[in-house]
2 protein chains.
Amino acid sequence: MYSESTKDKIIDAAKIVFIRKGMDGARMQEIADEAGINKALLHYYFHSKQELFNAVLYGVLRQMIQGLIVLFKKDEPFEDKLVSVVSQYDTFMNQNPYLPQFIVREINRDPDQLSDFMTDQGLDLNSIRMILENVETEGGLSPAAFPHLFISMIGLVVMPYLGRPLFQRKLFDNSPERYERFLAERKDFVAQLLRNAIRTKR
Amino acid sequence: MYSESTKDKIIDAAKIVFIRKGMDGARMQEIADEAGINKALLHYYFHSKQELFNAVLYGVLRQMIQGLIVLFKKDEPFEDKLVSVVSQYDTFMNQNPYLPQFIVREINRDPDQLSDFMTDQGLDLNSIRMILENVETEGGLSPAAFPHLFISMIGLVVMPYLGRPLFQRKLFDNSPERYERFLAERKDFVAQLLRNAIRTKR
DNA sequence: AAATAGTTTAACCAAATGGTTAAATTTCAA
DNA sequence: TTGAAATTTAACCATTTGGTTAAACTATTT
């Protein structure tokens with residue numbers, strides 16, 4: 001059986017607590033408990049809450065961004081690319097259901113820091129423009145429509161996770177099974193919707 | 001000139017602070033400052049932070065829900081209804097840009113309380129089912145597709161506000177003017193996209 | 001004028017919380 | 001075996017924060 005290093009145990013625990021409660025709501029004691037250690041040891045590895053928080057945030061972001069970049073750079077028609085991204089995004093969210101909320105919180109808490117980090121990770125205006133140019137040549141899609149499509153894609157994929165507690169209660173009789181079924185269907189629905197949007201816009 | 005009551009001044013101030021920072025991040029002192037009064041007087045009107053928070057949350061929600069219910073009950077074809085809702089949602093978000101984030105936070109913090117409140121306000125499963133049945137007869141849309149459409153609509157309208165700080169930086173050279181222009185176009189884009197989706201699904 | 005409600009000032013309290021410290025104990029590699 | 005690194009225990013500290021209190025002052029109403 002694989003046994004984690006203490007540092008990894010801490011990061012995993014912090015991930016759980018920070019993502020659920022945010023920077024303000026999280027308690028160092030709670031993270032220590034979750035990791036199965038004590039507060040002194042926690043501070044032995046991470047001097048401050050901020051340092052630990054950054055480690056968690058950047059780790060999660062790196063994982064997400066790298067996956068997306070790989071997909072975007074893949075050589076396939078734009079439509080297929082969109083579908084791939086939707087699919088990847090969706091599995092990722094499925095594995096980290098509280099992630100969207102966490103990132104939204106971060107976007108609004110310290111956008112500059114987050115934006116800089118993304119640039120460091122290779123997700124900057126240039127790389128996005130590259131995609132945009134591909135779209136222009138490949139699909140004949142107007143450049144003005146690209147941001148709309150891009151943001152739509154994110155909204156369509158992410159909303160079911162952001163609002164799950166409410167949607168499940170109000171639209172699915174608070175049945176987790178039915179909501180899971182809904183999520184499973186969703187990938188195709190979104191892909192179809194985006195395909196239509198592209199075809200209409202070109 | 002119209003002069004607000006102190007209680008209203010407090011609620012307005014609390015709205016600003018709570019919506020920006022959430023329940024955990026907000027400070028009573030900050031709210032008092034924002035309202036131009038002192039902490040003692042703040043507690044004179046609202047015994048606890050929780051009480052004040054509830055007043056703000058419920059006030060905002062009531063306003064939002066009532067507006068939507070009126071629109072949904074209006075007697076017009078489903079397509080037009082959708083467009084109306086998108087349009088109304090959008091102006092509301094425009095006037096309260098931090099609201100989506102606030103509500104998302106609440107949905108995940110205390111979903112039961114929020115769900116119950118919505119039921120009290122007349123937005124329950126029954127009223128949603130009523131709409132659903134109208135859709136069935138009017139539009140020939142399959143009931144299974146309704147939740148997808150509904151959640152899509154919310155995601156499409158709300159995402160530009162949830163992610164604005166990041167999107168503006170990454171897609172619009174951090175130009176507020178260009179983002180405003182983008183938001184102005186958005187209403188039509190979303191309406192068009194949803195219309196397509198309905199036509200395809202029926 | 002007198003009473004009442006609204007408001008300020010300023011000090012205070014208790015609890016929670018991030019962080020520290022030091023000594024003792026365990027683990028483990030050189 | 002020995003010495004360094006990892007871990008625990010447990011007490012402690014400073015700060016922040018929600019909330020209280022009491023006395024004084026001001027505006028408003030009766």
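Numbers restart at 1 for each chain; the letters A, B, ... are given by sequence-line order, proteins then strands.
Rounding to whole angstrom units, NZ of residue Lys7(A) and P of dT7(D) are separated by 12 Å. A straight line from NZ of Lys49(A) to C1' of dT17(C) spans 8 Å, rounded to a whole angstrom. Remark: P of dT7(C) and CD1 of Ile10(B) are 8 Å apart, rounded to the nearest angstrom. We find that NZ of Lys9(A) is positioned 13 Å from P of dA6(D), with the value rounded to whole Å. Taking atom NE2 of residue His43(A) and atom P of nucleotide dT17(C), one finds them 13 Å apart after rounding to whole Å. Rounded to whole angstrom, the span from the CD atom of Gln50(B) across to the P atom of dG19(D) amounts to 9 Å.
No side-chain donor-acceptor contact under 3.5 Å links Lys21(B) to the backbone of Arg27(B). No donor-acceptor distance shorter than 3.5 angstrom exists from the side chain of Lys187(A) to the backbone of Val86(A), with no hydrogens or angles considered. When atom types are taken as modelled, the side chain of Lys49(B) and the backbone of Ala26(B) share a donor-acceptor pair closer than 3.5 angstrom.
Classification of Arg186(B) and Asp90(B) as a salt-bridged pair fails, no side-chain N sitting under 4.0 Å from a carboxylate O.
The side chain of Thr6(B) contributes no N or O atom lying less than 4.0 Å from OP1 or OP2 of dG6(C). A close approach under 4.0 Å does not occur between any side-chain nitrogen or oxygen of Tyr44(A) and OP1 or OP2 of dT7(D).
Between Tyr179(A) and Phe167(A), the gap from one ring centroid to the other reaches at least 6.0 Å. Aromatic rings of Phe53(B) and Phe18(B) (six-membered ring for Trp) have centroids within the 6.0 Å cut-off, being under it. Proximity of the aromatic rings of Phe150(B) and Phe146(B) is defined here by a centroid distance below 6.0 angstrom, and this criterion is met.
Candidate nucleotides dT7(C), dA5(D), dG19(C) were compared by shortest atom distance to the side chain of Tyr45(B), and dT7(C) ranks first.
When all heavy atoms of Arg105(B) and Ile19(B) are compared, the pair lying nearest together is NH2-O, 3.0 Å.
With sequence neighbours left out, the ring pair (Phe, Tyr, Trp, His ring centres under 6.0 Å) criterion links His148(B) to Phe182(A), Phe189(A).
Terminal axes of the helix from dA1(C)-dT30(D) to dA30(C)-dT1(D) (five pairs each, C1' rotation axis) are separated by 10°, to the nearest 10°.
Nucleic acid contact class of Phe46(B) (heavy atoms, under 4.0 Å, all strands): none.
Taken residue by residue, residues 19-42 of chain A places heavy atoms nearer than 4.0 Å to DNA chain C at Ala26(A), Arg27(A), Met28(A), Lys39(A), Ala40(A).
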